[in-house]
Amino acid sequence: KKEDNSKAIYEHPFLIEKGFSALSGKDNLSAEEILYCLRQNNPSFFLNQYPFIGKKYLTYSRNDHLIVFTKKYQQPWQRTISKYAHYVCYFIFCIAAYLLSIMIFSKQFLAEHPWWQVALILSGAIVFLFSAAAIFLTVGMKIRLAEELVGTQQSGNNKQEAEQLDKHS
């Protein structure tokens with residue numbers, strides 16, 4: 001931001017986007033979104049979580065100058081069902097992996113199968129079941145973080161900054 005004739009003028013949006021990209025390594029935010037996140041009470045939380053959550057769950061509304069849920073997740077009941085369904089799937093896959101490992105390490109199973117079959121089954125179970133569980137947990141966490149981010153944002157007026165960005169675009 002630079003001062004010119006007692007009026008705040010922002011640099012070109014390209015410079016804002018590239019500066020943010022250079023500092024954070026993330027390049028999926030527009031200049032308008034970056035400036036909006038910087039104006040929040042906790043800008044580091046917004047700048048870290050908003051790109052992580054992604055455009056699947058959240059979008060920046062240029063009309064309202066707010067971060068809002070995408071159409072699929074606008075209703076609270078849809079988010080709640082999706083979040084808890086992913087958590088339930090996470091627990092199911094974790095329990096399945098645990099039960100499979102108990103079965104594999106049982107004396108009867110080890111006595112009936114050669115070591116290479118045990119190793120193959122165990123590595124397949126670890127890769128598939130725990131990876132699937134991690135994916136389900138991550139999706140549930142993203143929905144929860146999206147709710148937290150939308151709930152903690154300030155509904156401040158971003159129109160002056162948006163007008164300045166439109167002049168440079």
### Query
How long is the gap from CG on L145 to CZ on F52, to the nearest 0.5 Å?
6.5 Å
### Task
Name all pairs fulfilling the side chain to side chain donor-acceptor pair (under 3.5 Å) condition that reach into residues 136-149, sequence neighbours left out, sorted by first residue then second.
R79-E147, K83-E147, R144-E148
### Sub-4.5 Å side-chain heavy-atom contact between F130 and I135
no
### Partners passing side-chain hydrogen bond (donor to acceptor under 3.5 Å, both in side chains) against N42 (at least two apart in sequence or in another chain)
S44
### Query
Is a side-chain donor or acceptor of T80 paired with a backbone partner of P76 at a separation under 3.5 angstrom?
yes
Can you list, pair by pair, the side-chain donor-acceptor contacts under 3.5 Å of residues 84-98, counting residues two or more places apart and other chains?
| residue | atom | partner | partner atom | Å |
| --- | --- | --- | --- | --- |
| H86 | ND1 | S82 | O | 2.6 |
| Y87 | OH | G140 | O | 3.3 |

### Task
Mind checking side-chain contact (heavy atoms from CB on, under 4.5 Å) for N28 and listing every partner two or more places apart, or none if nothing turns up?
K26, P51
### Message
Tell me if a side-chain donor or acceptor on Q40 pairs with a main-chain N or O of C37 at a distance below 3.5 Å.
### Response
no
### Task
Provide the closest heavy-atom pair for L35 versus I16 in the form atom of the first, atom of the second, distance.
CD1-CD1, 4.0 Å
### Message
Assess the residue pair F46 and L38 against the criterion (side chain to side chain contact (heavy atoms under 4.5 Å, CB included)); give the C-alpha distance rounded to whole Å, side-chain angles, the decisive distance to 0.1 Å, and a yes or no.
### Response
CA-CA 8 Å; F46 276 80; L38 286 172; over 6 Å; no
### Message
Test your reading of the model: is there a side-chain donor-acceptor pair from Y50 to the backbone of Y60, 3.5 Å cut-off?
### Response
yes
### Query
Hey, does F20 have a side-chain heavy atom less than 4.5 Å from the side chain of L47?
yes
### Query
Rounded to the nearest 0.5 Å, how far apart are CE of M141 and CZ of F136?
15.5 Å
### Message
For the backbone of F128 and the side chain of S131, can you confirm whether one donor and one acceptor N or O come within less than 3.5 Å of each other?
### Response
no
### Query
Is there a donor-acceptor pair closer than 3.5 Å between any side-chain N or O of Q153 and the backbone N or O of I67?
yes
### Query
Can you tell me how far the OG1 atom of T59 sits from the CG atom of L66, to the nearest 0.5 Å?
11.5 Å
### Query
Tracing side-chain links under 4.5 Å among I, L, V, M, F, W and Y, which residues wind up in one group with I81?
W77
### Task
Measure the CG-CD1 distance between L58 and I143 for me, rounded to the nearest 0.5 Å.
10.5 Å
#### Entry: Atom NZ of K18 with >12 non-hydrogen neighbours under 6.0 angstrom
no
### Query
Any donor-acceptor pair under 3.5 Å linking the side chain of E17 with the backbone of A31?
yes
### Summary
Contacts of E112 meeting side-chain hydrogen bond (donor to acceptor under 3.5 Å, both in side chains) (sequence neighbours excluded), chain-then-number -> Q108
### Task
Measure the CD-CZ distance between E32 and R62 for me, rounded to the nearest 0.5 Å.
4.5 Å
### Query
Which ILVMFWY residues are connected to L23, directly or by a chain of links, through side-chain heavy atoms under 4.5 Å apart?
none
### Task
Quick one: which residue pairs count as a salt bridge (charged side-chain N to carboxylate O under 4.0 Å, His left out) with a foot in residues 115-140, not counting sequence neighbours?
none
### Query
Hey, what do you get for CZ (F69) to CD1 (I53), rounding to the nearest 0.5 Å?
8.0 Å
